[in-house]
Visitor: 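To start, I am sharing the structure in question, which I have written as structure tokens.
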Amino acid sequence: QVQVVESGGGLVQAGNSLTLSCAASVRAFSSLQWGWFRQTPGKEREFVAALSWKGDRTHYSDSVKGRFYSSSDSPAIKVNLQMNSLKPEDTAVYYCAADPCYSESCVTRPGSDYKYWGQGTQVTVSS
């Protein structure tokens, strides 16, 4: 059973940067496609970013495009989310998700298609 664990959340001032990391507990697949989502109380989970199983294709929500960047040098087991120019509205619990999906369209899939989910890490951006 694959488990994914996020790390790197915390409190940061607006305008600053923070990097989240996510790692799979085992190398169960030749590679994984990764997604990042976030959720605030009372709201539905929101897509943030996705990285393809090769690590060469990304997809971002309009709200973070140009500020957040997802990357990995080993997509089979880990992924990062570099968050720059953070805003108070970026405050949320951030979740990473992974799935053995191996096509170009994988990065645009909804969260419900992902098989493995982390427990989430809190990111708080103060104004």
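Because only heavy atoms are used, hydrogens play no part in the values below, and waters and symmetry mates are left out as well, while side chains stay in. Predicted model, so just to flag it, every value in this text is computed and none were measured.
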Visitor: Does the separation of the ring centres of Phe37 and Phe47 fall below 6.0 angstrom?
Guide: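 Ring centroids of Phe37 and Phe47 are less than 6.0 Å from each other.
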
Visitor: When you compare the side chain of Pro100 with that of Gln33, does any pair of heavy atoms fall below 4.5 Å?
Guide: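 No, their side chains stay 4.5 Å or more apart.
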
Visitor: For Lys54, is there any backbone N or O sitting under 3.5 Å from a side-chain donor or acceptor partner on Tyr102?
Guide: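 Not at all, since once roles are kept as given, no pair shorter than 3.5 Å links the two residues.
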
Visitor: For residues Trp117 and Val93: do they belong to one hydrophobic cluster (side chain heavy atoms under 4.5 Å, members Ile, Leu, Val, Met, Phe, Trp, Tyr)?
Guide: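 Trp117 clusters together with Val93.
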
Visitor: Which label fits Tyr116 and Phe29: parallel for a plane angle under 30°, tilted from 30 to 60°, or perpendicular past 60°?
Guide: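 Rings of Tyr116 and Phe29: tilted, 30 to 60°.
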
Visitor: With side chain to side chain contact (heavy atoms under 4.5 Å, CB included) as the test, pick out the partner of Thr124 among Thr91, Leu18, Val12.
Guide: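 Answer to the side chain to side chain contact (heavy atoms under 4.5 Å, CB included) test with Thr124 among Thr91, Leu18, Val12: Thr91.
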
Visitor: Is there a donor-acceptor pair under 3.5 Å between the side chain of Asp99 and the backbone N or O of Lys115?
Guide: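 Yes; at least one donor-acceptor contact below 3.5 Å.
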
Visitor: Counting only heavy atoms not in Glu89 (residues, nucleotides, ligands), do more than 12 fall under 6.0 Å from its CD?
Guide: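 Check passes, neighbour count above 12.
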
Visitor: Counting only heavy atoms not in Gln119 (residues, nucleotides, ligands), do more than 12 fall under 6.0 Å from its CD?
Guide: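 For Gln119, atom CD is not crowded (no more than 12 foreign heavy atoms under 6.0 Å).
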
Visitor: I'd like to know if Lys87 and Asp90 make a salt bridge, using a cut-off of under 4.0 Å between side-chain N and carboxylate O.
Guide: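 Salt bridge absent between Lys87 and Asp90.
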
Visitor: Is the backbone N or O of Ser127 less than 3.5 Å from a side-chain atom of Gln13, with the two atoms forming a donor-acceptor pair by type?
Guide: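 No: the side chain of Gln13 does not pair with the backbone of Ser127.
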
Visitor: Do Trp36 and Ser70 touch side chain to side chain, with heavy atoms closer than 4.5 Å?
Guide: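 Yes, close enough: below the 4.5 Å cut-off.
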
Visitor: Cation over ring, Arg45 on Tyr95, under 6.0 Å and within 45°?
Guide: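 Ring-cation test returns no.
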
Visitor: Please check: side-chain N/O of Glu6 versus main-chain N/O of Cys96, any donor-acceptor pairing under 3.5 Å?
Guide: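 Yes, because the side chain of Glu6 sits within donor-acceptor range (under 3.5 Å) of the backbone of Cys96.
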
Visitor: Would Asn80 and Thr19 count as a side-chain hydrogen bond (donor to acceptor under 3.5 Å, both in side chains) here? Give the steps.
Guide: CA-CA 7 Å; Asn80 294 322; Thr19 299; over 6 Å; no

Visitor: Would Ser72 and Ser74 count as a side-chain hydrogen bond (donor to acceptor under 3.5 Å, both in side chains) here? Give the steps.
Guide: CA-CA 5 Å; Ser72 174; Ser74 184; 5.6 Å; no

Visitor: For the residue pair Tyr69 and Tyr60, does the interplanar ring angle fall in the parallel (under 30°), tilted (30 to 60°) or perpendicular (over 60°) class?
Guide: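 If you compare the ring of Tyr69 with that of Tyr60, the planes turn out perpendicular.
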
Visitor: Any side-chain to backbone donor/acceptor pair from Ser31 onto Trp53? Under 3.5 Å, distance only.
Guide: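 Between the backbone of Trp53 and the side chain of Ser31 there is a qualifying donor-acceptor contact (under 3.5 Å).
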
Visitor: Do Val48 and Tyr114 belong together in a cluster built from hydrophobic side chains that touch within less than 4.5 Å?
Guide: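 No.
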
